[in-house]
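The figures here come from the full heavy-atom set of this structure, side chains too, leaving out hydrogens, waters and symmetry mates. As the structure lists them, so they are numbered: ligands from 1, and atoms in each ligand from 1.
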Amino acid sequence: MALIDREASEKLLNEFIEGESLLNHSMMVAKAMEAYARSLNKDDQQVEEWWAAGMLHDLDWEKFPDDHPHKAVNEILPEYDYPESVIQAIKAHAPERTGKVPETEIERYLFACDELSGFMNAVSLMRPNGFEDMKVKSVAKKLKDVRFAANVPRDDIRRGAELIGKELNEHIAFMISIFRS
Ligand SMILES: [Fe+2]
Ligand SMILES: [Fe+2]
């Protein structure tokens with residue numbers, strides 16, 4: 001199968017999402033997924049799949065919030081020939097909506113990167129230098145502050161780290177290094 005065309009994926013994303021913060025979130029999760037795929041020595045095809053899963057996981061969120069991610073998984077993505085692994089990973093990033101829990105590696109990593117990326121973005125916005133001098137400790141402290149980014153489910157963040165077999169702090173440290181670059 002041909003490598004997924006990033007340009008086409010970005011075009012698709014821009015057709016469905018206008019909001020800057022959701023576009024930024026999509027790019028952050030794509031970046032994290034690509035970095036993890038490379039750190040796990042995935043081949044080029046898989047790296048592209050991991051990137052696409054991150055980039056497109058919230059594709060239908062803005063236009064079809066009540067039908068997220070069903071609309072993307074069942075209607076939009078199959079039309080564009082995305083591999084089943086990408087579609088299944090997107091389905092599994094929202095198990096409470098789809099009933100599909102993350103099992104395969106790409107599914108588990110997407111789940112682990114999604115909410116933590118959102119949370120870390122919120123932390124970065126509070127800091128004069130963003131990710132530049134962010135410490136694991138400052139992220140961990142904010143996680144304990146229930147009033148900070150209260151809409152981000154802490155349980156999902158903890159569960160994500162468990163799903164990829166990492167200490168949460170190790171996962172946060174990896175993500176800081178990615179978002180800093
Ligand atoms: Fe989502
Ligand atoms: Fe997301």
>> Restricting to ring pair (Phe, Tyr, Trp, His ring centres under 6.0 Å), what partner residues turn up for W51, sequence neighbours left out?
In response: none
>> Can you confirm whether E167 is buried at CD, in the sense that more than 12 heavy atoms of other residues, nucleotides or ligands lie under 6.0 Å from that atom?
In response: no
>> Contact between D60 and D67 at the side-chain level, heavy atoms closer than 4.5 Å - yes or no?
In response: no
>> Would you say CD of E7 has more than 12 non-hydrogen atoms from neighbouring residues, nucleotides or ligands within 6.0 angstrom?
In response: no
>> No waters, cut-off 2.8 Å: how many protein N, O or S atoms are close to the Fe ion (ligand 2)?
In response: 4
>> Do the side chains of K42 and E105 get close enough for a salt bridge, i.e. N-O under 4.0 angstrom?
In response: yes
> Less than 6.0 Å separating the ring centroids of H171 and Y109?
Replying inline: no
